[in-house]
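These notes concern the structure reproduced below.
What you see is a predicted model, and the numbers here were worked out from it, not measured in a lab. Chain letters run A, B, ... following the sequence lines, proteins first, then strands; residues in each count from 1.
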Number of protein chains: 4
Amino acid sequence: MKRFALIGAGFIGTVHARNLAAHPGVRFDLVADADGARARALAEKHGARPASVDAVFDDAADVDAILIASSTHTHADFVERAAKAGQAIFCEKPIDFDVERARRAGAAVVAAGVPFTIGFNRRFDASHRAVKRAVAAGEVGKVEIVQLTSRGPEAPPIDYVKVSGGQMRDQTIHFLDLLRWLTADEPVEVHAMGAALVDPAIGEAGDVDTSLVSLRMRSGALCQIDCSRRTAYGYDERVEVFGSAGAAESRRQRYRSMSLYQGDKVIEDGLHAGWFERVEATYYDALDAFVRHLEGEEEVDLPSLDDGLKAQLIADAATCSLQTGQPVRIDVACGTGGDR
Amino acid sequence: MKRFALIGAGFIGTVHARNLAAHPGVRFDLVADADGARARALAEKHGARPASVDAVFDDAADVDAILIASSTHTHADFVERAAKAGQAIFCEKPIDFDVERARRAGAAVVAAGVPFTIGFNRRFDASHRAVKRAVAAGEVGKVEIVQLTSRGPEAPPIDYVKVSGGQMRDQTIHFLDLLRWLTADEPVEVHAMGAALVDPAIGEAGDVDTSLVSLRMRSGALCQIDCSRRTAYGYDERVEVFGSAGAAESRRQRYRSMSLYQGDKVIEDGLHAGWFERVEATYYDALDAFVRHLEGEEEVDLPSLDDGLKAQLIADAATCSLQTGQPVRIDVACGTGGDR
Amino acid sequence: MKRFALIGAGFIGTVHARNLAAHPGVRFDLVADADGARARALAEKHGARPASVDAVFDDAADVDAILIASSTHTHADFVERAAKAGQAIFCEKPIDFDVERARRAGAAVVAAGVPFTIGFNRRFDASHRAVKRAVAAGEVGKVEIVQLTSRGPEAPPIDYVKVSGGQMRDQTIHFLDLLRWLTADEPVEVHAMGAALVDPAIGEAGDVDTSLVSLRMRSGALCQIDCSRRTAYGYDERVEVFGSAGAAESRRQRYRSMSLYQGDKVIEDGLHAGWFERVEATYYDALDAFVRHLEGEEEVDLPSLDDGLKAQLIADAATCSLQTGQPVRIDVACGTGGDR
Amino acid sequence: MKRFALIGAGFIGTVHARNLAAHPGVRFDLVADADGARARALAEKHGARPASVDAVFDDAADVDAILIASSTHTHADFVERAAKAGQAIFCEKPIDFDVERARRAGAAVVAAGVPFTIGFNRRFDASHRAVKRAVAAGEVGKVEIVQLTSRGPEAPPIDYVKVSGGQMRDQTIHFLDLLRWLTADEPVEVHAMGAALVDPAIGEAGDVDTSLVSLRMRSGALCQIDCSRRTAYGYDERVEVFGSAGAAESRRQRYRSMSLYQGDKVIEDGLHAGWFERVEATYYDALDAFVRHLEGEEEVDLPSLDDGLKAQLIADAATCSLQTGQPVRIDVACGTGGDR
């Protein structure tokens, strides 16, 4: 039984709280939030105790692990404090939009030697994992083309867009991580093409809402990612790995299974209304993997510190390509590359 | 907030306990079970208190509703005691294998005027409900053919089979209820054909494990139900309503969404491993409907006392047809018919 | 190159004519029809010659094979004349509605020793054949349940219905044949339940347009067939064989592959508009199998004389069950059984 | 009845011959081929006459239309000769790999005022047309992302690759045309990324066998095309148009409809073995549209001379991007742009 403290009682914090309460291997102890009332309400709901942020890092708290689900700008600081306190860390992505800042926090984690994982929850999607296993088992042979699609049902509020780091760092990054994970390979070149087709305000903010990213992998494989901030038909996510011996696909998912046959049409239930409905189960599975890791299970496939940083570097390079219109080599991506 | 007591801490009791704990409108107070240790363990897990069976019906318990998930032979007695105590009742099906005994218990419920529902959880399957809504909205026109399939992954232990009342009363009954609910109609004639193809011991016990049931409805519509106790490919449930204007179907469901393209085949993830994985969500939704009813929401579509009895009468008639090889009129089914 | 004469230049004759003209192993020589002008037009279109019915059976015609696609009441006579002429015979089903008459014609075929096949074209459906092969290869294990669905888009004209022999002999019979072929087994008992739900005139004519047929096979397997004369969504045919090791299905087919994602729905192209669009390819494949048989290829899986008679006997038994409401043993079906 | 001459009796010529023979509005008169024996055999098979190439352009031939299916390097010349002879022209793509040469031949067609179409047969795929109609009808709203996939089952022989003009001009070009047609829009920028992953010899020949093409349309919409010369699972073609109001998709197609349920898998029939099996029907439909146009039907949607040239210009630009690694503006694509 691992004792957990949760920092952040907003939407994602609430999701994590529910899973912490349900997990048989977790004792859900503390909840902290900049908004004390919010922390109290969430703690009460799940039989945990509210605490100040300082208190969760205190030895007296006696927690084994911190789940950081607060605002992005606080992550790096909390990661360093948890590392110093010798606590295991589950941090929502990213550690910091600034890769250098993230790297410093990461260095603290490495120095402290505490367990760490980053919230790339899509790696825990059951169907994506099945694709990963098929690829790893050689079922598709040598990987040649990867196709990833992510289209969210509606654009976030413009205020969020402005601080989100841009579509590459906010939305595409999940798929940049999936790409690395699915292929066990690294991209070496990226070209991005984008536009603000959904909301002109996004374009005025210097961002795009519709984009295509092409990547060349070290192995020679090619990858395509298309992202949109808005569909008229729910949340659309699809993963495909094509190789010399076959192709593995994690298909679009339907929220229900009704078909209506009328005239020359079959009208079927469509996609999940939102990204959350589609990926909800991945949050529990990500937590479960982390707990199993803490309990000493070997070979748990967890997104690492390095995974978090590498996805950011690729997203930075893609952003650079988007801005310059030119292909970008990833290891020198706009000068941010380094010791990866 | 409605205060609930749960009787029965076995497999289904445990499922109900989890949902009672999770439901925002429920205060999950008491757990009783013939096995006190089992009751204690389940209560502790969810922050409820263990209690004796007598205690849950005591005024002092101050519970609003009883969820009866104990052994079938205890249901009728507990229903009567809860009715007497003025408690709302959610009773797993059936009230009693003996329709007369069930009817007496039902009479007590009616006399007491307490809210009651029977655990026909399949009515709460999201896709089946979508079919029901399509039919009720006239999307398929006048109903002409209903096809229902239920094939479980493995035959229950022979000891269970012997006390189960037979395939009609144990497995098919859920679909007899679905039939009545989907069509808002009543069957008037039934013919059943069955065999023990899976396990000869089932045949020796006088039961079948593979069966076809044909029914004629009052409206003239025809219905087919096929049931098997064992598949080699997981749990297979399908509902289809065909009518003059179209057909609505709740399709077979897959447990995951991976496809592997190789050679001239596409290998996809198959069906849920078991019936429980397939219908798990229906238990919460059935409880939720009951709670909404208790809270005064109107027009909640709940399986009633009468629904429980009628499905039993049809199952009895089907059993009679199975035994005699003859079609059976349902209102005089083997002498069990009555005041329906 | 086998020389063929075609008798019958109506709808199905026209279909056969097109295939005879296209088949590389066929020399399409003669066309006869009660309506000489119709024969001439069809012959001209395909470079064949019109002929009188008498002429096609004349030695001078020098044809190797006769394809009989004329009115049903003429089949038995033409079969006997072709047999006498030593010609190979491809006869549309049935030989005659009267099994005794059909049997006499069959005896002439046997006596003459000429090659013969009956037009059970659904056996040549590519997907149905794939099911057959899977079953024969043991992929589904011991067969336990067979489900067959046939729903035509619109009821035939009442005048046709009156002379069609009834739904069992006209529509269901194709699936009675598929059942025997798919399982390599024989039904021993049948129960049919039907109604005239589509068109009251069909009921007044003593027939049904909507029916369920349940059959018990010699092996113990059970079979369900549902037939309707009218859908609101095109032609719906489905075949499924369920067994101890799995299930094989020939799915409903869509006429096109477009999907439209809008809101919470996916609107897909539906089923083929009519039975002919769905099964058109089977006519060529049936002819091709017959030609390969004539050319001496061994192990061609052709529907035989006996297959035609047996399907009729089962259809007769099903009709008897429909009329009496009682299950019927097939070997004594209403006194028509015999030396099968 | 339009009189046709066919030039070219190779694989595609044979396909056209079959359709010319079957089409009710066509009188299939002449077949010419550099290989006279081949022309004779094909003519004989379909009741046409063999002829020299010179003869088909002779007034004496009295043909209304020429179908040019000979080697690519002969197309431009034959187009000019047919134009001069006042014959309608159905020319397999491309007119010439050299856009200037193609343009000159096109000018001759325009000068002669003869009907002309180019063999972009994929426009006639029933499901692609359904997508086109949905887009044109506004069902997907404003187009934002187009995704096109073309993966052939096996790489062509290296000798063919060397004269094919490269993957962009040989394979991708069909989808560049589909893109223009589906969107009624023009690309203004292209970026291509490719590699020889299938066969190193293709790389040595300066070509790629696996590629991603990204295009920006005049309207702002973005398009992705992925092409591979070899799959391990048949021919894979998919078309999707995503817009502000929905998405329309022409799905991957299966060659048969059998499903086998075993264990936790469903094994289904896969894709068509080859591109030809997948698109065979489009050849007839393309011919049919051309004949309807010749017969005076208005608003027949035929690929035009200009369509052929524009697709080539885009393919040239994509090839240029592939070679330089840089995005290319299409109107000045490597200096080939012009009066489009």
Side-chain angles (χ1 to χ4, degrees), chain B residues 127 147-155 171 175 197-198 209-212 224-240 242 247 249-281, chain D residues 127 147-155 171 175 197-198 209-212 224-240 242 247 249-281:
Chain B
S127 299
Q147 276 200 328
L148 307 171
T149 289
S150 166
R151 303 177 188 154
E154 57 183 327
Q171 180 179 9
F175 299 85
L197 301 177
V198 173
D209 49 39
T210 307
S211 56
L212 308 181
Q224 256 183 347
I225 307 174
D226 74 285
C227 292
S228 169
R229 288 289 200 179
R230 181 270 295 113
T231 75
Y233 59 91
Y235 181 66
D236 185 353
E237 177 167 327
R238 202 172 66 90
V239 162
E240 183 185 323
F242 167 88
E249 184 183 19
S250 171
R251 306 188 300 272
R252 282 176 178 133
Q253 290 182 14
R254 309 286 182 89
Y255 78 100
R256 223 170 41 191
S257 301
M258 207 271 267
S259 301
L260 186 62
Y261 291 76
Q262 287 181 330
D264 66 348
K265 295 295 173 196
V266 183
I267 302 157
E268 303 200 334
D269 290 321
L271 308 189
H272 289 87
W275 65 271
F276 182 67
E277 290 87 336
R278 169 67 183 78
V279 306
E280 182 173 5
Chain D
S127 298
Q147 277 199 328
L148 307 171
T149 289
S150 167
R151 302 178 190 154
E154 56 183 328
Q171 180 178 10
F175 299 85
L197 302 177
V198 172
D209 50 38
T210 307
S211 57
L212 309 181
Q224 255 183 349
I225 307 174
D226 74 285
C227 291
S228 169
R229 287 290 199 180
R230 181 267 296 113
T231 76
Y233 59 91
Y235 181 65
D236 184 354
E237 177 167 326
R238 201 172 65 90
V239 162
E240 182 185 325
F242 167 88
E249 185 184 17
S250 172
R251 304 187 302 271
R252 282 175 178 134
Q253 289 182 15
R254 308 286 182 89
Y255 79 101
R256 223 171 42 191
S257 301
M258 206 271 267
S259 301
L260 186 61
Y261 290 76
Q262 286 182 328
D264 66 348
K265 295 295 172 196
V266 184
I267 302 158
E268 304 201 332
D269 289 322
L271 308 189
H272 289 87
W275 65 269
F276 182 67
E277 290 88 334
R278 169 66 184 78
V279 306
E280 183 172 4

Q) Given a strict heavy-atom distance threshold of 4.5 Å, which part of Gln262(B) is in contact with chain D: side chain, backbone, both, or neither? A)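 Backbone of Gln262(B) only, per the 4.5 Å heavy-atom cut-off to chain D.
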
Q: Below 4.5 Å from any heavy atom of chain D, which atoms of Ala273(B) appear? Answer side chain, backbone, both or neither.
A: neither

Q: Decide whether a cation-pi geometry holds between Arg151(D) and Tyr261(B); the criteria are a distance under 6.0 Å from NZ or CZ to the six-membered ring centre and an angle within 45° of the ring axis.
A: no

Q: Name the member of Leu260(B), Leu271(B), Asp264(B), Ile267(B) that forms the most heavy-atom pairs with chain D at distances under 4.5 Å.
A: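 If we count pairs closer than 4.5 Å to chain D, Asp264(B) comes out on top.
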
**Q.** Whether Asp209(B) side chain and Leu197(B) backbone form a donor-acceptor pair below 3.5 Å
**A.**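 Looks like yes, one N/O pair under 3.5 Å.
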
**Q.** Glu268(D) and Ser259(D) side chains, donor-acceptor separation under 3.5 Å
**A.** yes

Q | Shortest non-hydrogen contact between Ser257(B) and Asp269(B), atoms and distance | A |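 Reported closest heavy-atom pair: N-OD2, 3.5 Å.
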
